Visitor: 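Structure below; questions to follow.
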Amino acid sequence: MNKDQVFLCGLGLGAGLMYLFDPDRGRRRRALMRDQVVHALNASGDAISKTSRDLGNRASGLAARMSSWLQSDEVDDSVLVARVRARLGRLVFHPHAIEVRVHQGRVTLSGPVLASEVNPLLKGIASVRGVTEVENELQVYEQADHIPSLQGGKRRASGQLAWMQSNWSPTRRLLVSAAGGALALYGMRRRGVIGTAAEAAGLGLLVRGLTNLEMKDLIGLSGNRGIHIQKTININAPVERVFELWTQHENFPRFMSHVREVTDLGDGRYRWKVAGPAGISVEWEGMITKQIPNQMLAWESIPGSLIEQSGVVRFQPNEDGSTRLDVKLSYHPPAGMAGHLVARLFGADPKSELDADLLRMKAFIETGHQPHDAAEKKAAKREVAAS
């Protein structure tokens with residue numbers, strides 16, 4: 001290990017120790033990390049159990065399939081009907097609309113079907129083992145209008161495209177994770193372009209298998225899949241007072257723990273500075289998109305911001321004079337869902353942060369006392385300690 005590597009390792013170790021033993025939040029971070037480790041161990045046990053059951057079931061299914069292939073293709077009509085009906089759900093959107101009749105290996109299909117599904121249906125049924133001929137008595141329709149049996153419906157993914165599905169089985173995830181880990185190790189040992197490519201591909205497969213998330217979500221290219229949070233809370237204060245606090249964004253550090261500074265840029269635009277993973281500051285600009293006094297407040301980050309975030313808060317007065325607050329937030333973390341997973345490892349889970357901040361805001365409004373763990377108060381403590 002050269003000097004640069006030793007320096008980087010030491011730097012990383014020092015940053016980790018500072019993060020875990022911070023005087024203000026070190027105890028909470030250590031407790032959170034301990035809880036996450038326990039949760040990970042429990043989740044690993046459940047995953048191992050599910051994977052072992054899935055492997056056993058697949059092994060039994062494979063043995064049964066091999067045994068059936070060794071037998072004669074002549075099957076009972078009732079068995080062939082079951083095979084055809086099992087295949088229908090992978091070929092058409094409305095399998096229950098199709099009537100299946102079998103006589104000595106000859107399959108007759110009847111009932112309504114969409115024109116775009118006819119050819120795949122006939123070819124798919126013809127490939128079922130034991131089928132000698134397919135007779136077409138289908139009623140073909142270009143559109144499903146006014147045909148009740150063709151309304152709605154959803155076709156299941158074909159087994160041939162199983163690797164393209166978004167949700168993988170435990171066995172498939174295990175195989176991909178093992179292959180990805182082996183490929184990554186190979187890439188680490190081999191230098192050059194091939195080694196780098198193999199390492200990157202292996203790590204990608206490993207993360208894909210461990211998280212069960214599509215690659216486009218892991219790298220933030222899905223475009224429409226982010227983190228969505230919703231929370232409702234009642235505050236023992238009139239709606240006018242609650243709404244006024246929410247419109248004064250500069251006061252957020254007084255009761256929020258991770259919002260370090262909010263700067264009013266004018267024209268409804270604000271610059272936010274928050275504490276990200278490992279205490280690293282993250283900044284972005286946002287703007288108010290809609291504001292109805294004492295009713296609603298909506299905002300979103302400006303295009304090109306590091307954090308793509310939007311939200312809406314609805315204010316509703318209760319009969320007892322208190323206020324019902326409905327908060328909905330959406331954000332796309334940097335590097336997609338992988339960025340969210342990394343942030344959670346460092347205790348920056350937005351759902352938990354929102355719950356805690358809303359409780360601080362509730363206490364701040366109802367009592368008038370600033371929470372001891374608010375960002376502004378912690379910054380003052382650090383200044384006093386430094387002096």
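This is a predicted model, so every value here is computed, not measured.
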Visitor: Which atoms form the tightest heavy-atom contact between Leu138 and Asn136, and what is the distance?
Guide: N-OD1, 2.9 Å

Visitor: With side chain to side chain contact (heavy atoms under 4.5 Å, CB included) as the criterion, how do Gln139 and Val113 come out once you've worked through the C-alpha distance, each side chain's angles and the decisive distance to 0.1 Å?
Guide: CA-CA 6 Å; Gln139 303 170 18; Val113 66; over 6 Å; no

Visitor: How many angstroms lie between atom OG1 of Thr108 and atom CD of Glu99, to the nearest 0.5 angstrom?
Guide: 9.5 Å

Visitor: Only counting residues at least two apart or in another chain, list the ones meeting salt bridge (charged side-chain N to carboxylate O under 4.0 Å, His left out) with Arg271.
Guide: Glu285

Visitor: With the 4.5 Å side-chain cut-off for hydrophobic clustering, are Val140 and Leu121 part of the same group?
Guide: yes

Visitor: Decide yes or no on side chain to side chain contact (heavy atoms under 4.5 Å, CB included) for Glu250 and Asp264, but give the supporting numbers first.
Guide: CA-CA 7 Å; Glu250 300 90 337; Asp264 187 355; 3.2 Å; yes

Visitor: Any side-chain to backbone donor/acceptor pair from Thr367 onto Ala363? Under 3.5 Å, distance only.
Guide: yes

Visitor: Does Phe252 have its ring centroid less than 6.0 Å away from the ring centroid of Trp246?
Guide: yes

Visitor: Within a strict 4.5 Å, meaning less than it, do heavy atoms of the Arg241 and Ile235 side chains meet?
Guide: no

Visitor: To the nearest 0.5 Å, what is the distance between CG on Leu325 and CE on Met361?
Guide: 5.0 Å

Visitor: Before giving the answer on side chain to side chain contact (heavy atoms under 4.5 Å, CB included), spell out for Glu244 and Asn294 the whole-Å C-alpha distance, their side-chain angles and the decisive distance to 0.1 Å.
Guide: CA-CA 8 Å; Glu244 181 182 7; Asn294 304 327; over 6 Å; no

Visitor: Any idea which heavy atoms bring Asp77 and His103 closest together, and the distance?
Guide: OD2-CA, 3.6 Å

Visitor: Closest heavy-atom contact between Arg85 and Ile98?
Guide: NH1-O, 3.0 Å

Visitor: Under the side chain to side chain contact (heavy atoms under 4.5 Å, CB included) criterion, do Val239 and Val242 qualify, and how do the steps go?
Guide: CA-CA 5 Å; Val239 65; Val242 178; 5.5 Å; no

Visitor: Would you please classify the geometry between the Phe315 ring and the Phe243 ring as parallel, tilted or perpendicular, with 30° and 60° separating the classes?
Guide: perpendicular

Visitor: Just checking, any donor-acceptor pair under 3.5 angstrom between side chains of Asp326 and Thr232?
Guide: yes

Visitor: Output a table of donor-acceptor pairs, distance under 3.5 Å, between side-chain atoms of residues 195-202 and any protein atom two or more places apart or on a different chain; print 'none' if there are none.
Guide:
residue, atom, partner, partner atom, Å
Thr196, OG1, Gly192, O, 3.0

Visitor: Rounded to the nearest 0.5 Å, how far does CG of Asn251 lie from CZ of Arg254?
Guide: 5.5 Å

Visitor: Can you measure from CG (Leu109) to CD1 (Ile125) and round to the nearest 0.5 angstrom?
Guide: 6.0 Å

Visitor: Does some side-chain heavy atom of Glu117 sit less than 4.5 Å from a side-chain heavy atom of Phe93?
Guide: yes

Visitor: Can you find a pair of side-chain heavy atoms, one from Ser127 and one from Arg87, that are under 4.5 Å apart?
Guide: yes

Visitor: Can you list the other members of the hydrophobic cluster that holds Met287, where links are side-chain heavy atoms under 4.5 angstrom apart?
Guide: Ile302

Visitor: Surrounding CG of Asp320 (heavy atoms of other residues, nucleotides or ligands, distance under 6.0 Å), is the total greater than 12?
Guide: yes

Visitor: Check whether any side-chain heavy atom of Arg101 lies under 4.5 Å from a side-chain heavy atom of Glu137, and answer yes or no.
Guide: yes

Visitor: I'd like to check Thr323 versus Gln316 (side-chain heavy atoms, cut-off strictly below 4.5 Å). Are they in contact?
Guide: no

Visitor: Nearest 0.5 Å, what's the CD-CG distance between Gln104 and Asp76?
Guide: 11.0 Å

Visitor: Can you confirm whether Val100 sits close enough to Leu88 that some side-chain heavy atom of one is under 4.5 Å from a side-chain heavy atom of the other?
Guide: yes

Visitor: Looking at Trp299, is its backbone amide N or carbonyl O close enough to the side chain of Ser310 to form a donor-acceptor pair, meaning the two atoms are under 3.5 Å apart?
Guide: no

Visitor: Starting from Ile365, can I reach Leu359 by hopping between I/L/V/M/F/W/Y residues whose side chains sit under 4.5 Å apart?
Guide: yes

Visitor: Are any non-hydrogen side-chain atoms of Met296 and Lys290 less than 4.5 angstrom apart?
Guide: yes

Visitor: Take atom CD1 in Ile233; do more than 12 heavy atoms of anything else shown fall under 6.0 Å from it?
Guide: yes

Visitor: Say you draw a straight line from OG of Ser330 to CD of Glu300; how long is it, rounded to the nearest 0.5 Å?
Guide: 11.0 Å

Visitor: Show the nearest heavy-atom pair for residues Leu114 and Gln143, with the distance to one decimal.
Guide: CD2-C, 3.9 Å

Visitor: Can you name the closest pair of heavy atoms from Asn236 and Lys362 and give their distance?
Guide: N-NZ, 4.3 Å

Visitor: Mind checking whether Val312 and Val327 have side chains closer than 4.5 Å, heavy atoms only?
Guide: no

Visitor: I need the minimum non-hydrogen distance between Pro112 and Ala97, along with the two atoms involved.
Guide: CD-O, 3.4 Å

